[in-house]
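Here is the structure we will look at.
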Number of protein chains: 2
Amino acid sequence: MSIPAEHRRIAADEVRLPPHALPDGRSGRILHEAIRLFAEYGFHGTSIRDLAEACGIRSATLYAHYPAKEHVLAELVRIGHEVHHSALSAALPGTPPGSAARLAALVRAHVLVFARYPLLAMVANNELHAVSRELAAPSLLLRADAQQMILDTVNLGMDNGAFDVPDPYLALTAIAGMGMRVAHWYGAASHYDPETIADTYATFALRLVGVEA
Amino acid sequence: MSIPAEHRRIAADEVRLPPHALPDGRSGRILHEAIRLFAEYGFHGTSIRDLAEACGIRSATLYAHYPAKEHVLAELVRIGHEVHHSALSAALPGTPPGSAARLAALVRAHVLVFARYPLLAMVANNELHAVSRELAAPSLLLRADAQQMILDTVNLGMDNGAFDVPDPYLALTAIAGMGMRVAHWYGAASHYDPETIADTYATFALRLVGVEA
DNA sequence: GTCTATATGGGGATAGAC
DNA sequence: GTCTATCCCCATATAGAC
């Protein structure tokens, strides 16, 4: 990767994924290489020939696995959003609604996705606009639901006196936004462990909503 | 704009700019339309014909004003980074280094740029990777310097006891990151004033570094 | 500066043999 | 499933008249 780090839109360059996130065989290999290329150059900045070459096959062969270039992206967007939504859903049980513990668990889960799987998260979040409306719809639902989990938590914490924020929606944008940006810088300069980042950001989120932490 | 809001990568759709940020005449008009198109579809997702049509001219005419498509983007990236850097620089005088007042002023300035000029900020920050190394270099210096202003403030505030954070660099990434994301959602749903967002985010930043606010 | 016309290459995608 | 060969269109960019 001869591009200077600060000129790239993502600092990480190794594709990391949850176990079994991609299918085995050629279809999975295509998705794997597409994550790398789409994260680095964007969907429109990557040609079908670039992708084929990275996979060690001819471009025509891609069409035996996916009906169009767009479907490769759509699949990555779907996987990325499912990974994220699952992570947040899994953070709910065992934490009381509207509590500091719940907010911390949600933020930890949120940040861990962006720190552990930065390339996948980048593609899912920054290239979604290049997918057609129909193919993007399921991911948009998952995204809205994930956002609502955090907003509900902030709102309920306000109602029950656990939190104190000037504006719950702005707290949501700030908390969600700082986590999303981790995908861009993770892997640069200092080598932080994803767990460390997640814990620290959870602390930041609690402070942000007025909880001593 | 028939694209559903949540499917777009940017919620705002009106190009807003600081006074005199763009030249007068056709060159300026080209930059103006390029901001809109590059913000919405990305550099590689916008053709030279799309851009010409938006300007009401033929594609060949663009080359009387810019030597190549890339130079149009490079100019926007440069302008965007200069606007941002100027805003942060202007926040320094009158605030003591390493103080809560300085951090608040820097965060206010940072967030205001992304809230007031979301399309320009989006292009400058999300499409920089599509500009050649030579053309991108000056912007990268401005960006590094702006980041250092915030990091110095956090570090000095730690040294002098004004702040208390688990990790200054992570505080920087969190504070800078939440501000940058404003460009994506500003203009959606709730109608916040940029000043309100900036003030609220400044409060969040102070809380984040352990200052009662 | 702007146009029409066009050069030239690369893009996504398909046909058909193996 | 994979290949070679190819279609066809659209991309950036240029030539040259007005």
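This is a predicted model, so every value here is computed, not measured.
- Listed candidates were D/dT12, D/dA5, C/dC3. Nearest to the side chain of B/A60 is C/dC3.
- Each of A/T61 and A/R49 was assigned the nucleotide of DNA chain D with the nearest heavy atom; the assignment lying further toward the 5' end belongs to A/T61.
- Residue B/L62 is out of contact with every strand shown, counting any heavy-atom pair closer than 4.0 Å.
- A salt bridge does not link A/E6 with B/R133: every distance from a Lys NZ or Arg NE/NH1/NH2 to an Asp or Glu carboxylate oxygen is 4.0 Å or more.
- For D/dA11, the OP1/OP2 oxygens have no side-chain nitrogen or oxygen of A/H44 closer than 4.0 Å.
- At the phosphate of C/dG10, neither OP1 nor OP2 sits under 4.0 Å from any side-chain N or O atom of A/S47.
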List the steps and the verdict of ring-ring contact (aromatic ring centres under 6.0 Å, His included) for A/H44 and B/F43. CA-CA 9 Å; A/H44 292 299; B/F43 177 71; over 10 Å; no
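- Classification of B/R29 and B/E33 as a salt-bridged pair holds, one side-chain N sitting under 4.0 Å from a carboxylate O.
- Note: CD (A/E53) to P (D/dC3) measures 13 Å, nearest angstrom.
- At a threshold of 4.0 angstrom between heavy atoms, the contacts of A/T46 are confined to the sugar-phosphate backbone, with no base atom among them.
- Checking C/dC3, D/dT12, D/dT4 against every side-chain atom of B/Y63, the shortest atom distance belongs to D/dT12.
- Regarding A/I48, its CD1 atom lies at a distance of 20 Å from the P atom of D/dC7, rounded to whole Å.
- Within the structure, every side-chain polar atom (N or O) of B/R26 is placed at least 4.0 Å from both OP1 and OP2 of C/dG1.
- Comment: A/E127 does not engage A/K69 in a salt bridge, judged by the lack of any side-chain N to carboxylate O separation of less than 4.0 angstrom.
- Rounded to an integer number of Å, the gap from B/L51 CG to C/dT2 P is 13 Å.
- Atom-to-atom, CG of B/D50 to P of D/dA13 comes out at 14 Å; the value is rounded to the nearest Å.
- The distance between atom CZ of A/R29 and atom P of D/dT2, rounded to the nearest whole Å, is 12 Å.
- Rounded to whole angstrom, the span from the NZ atom of A/K69 across to the C1' atom of C/dG11 amounts to 8 Å.
- Rounded to an integer number of Å, the gap from A/H65 NE2 to C/dT14 P is 15 Å.
- B/D167 and A/Y192 form a side-chain donor-acceptor contact under 3.5 Å, judged by distance and modelled atom types alone.
- The distance between atom CZ of B/R58 and atom P of C/dA5, rounded to the nearest whole Å, is 10 Å.
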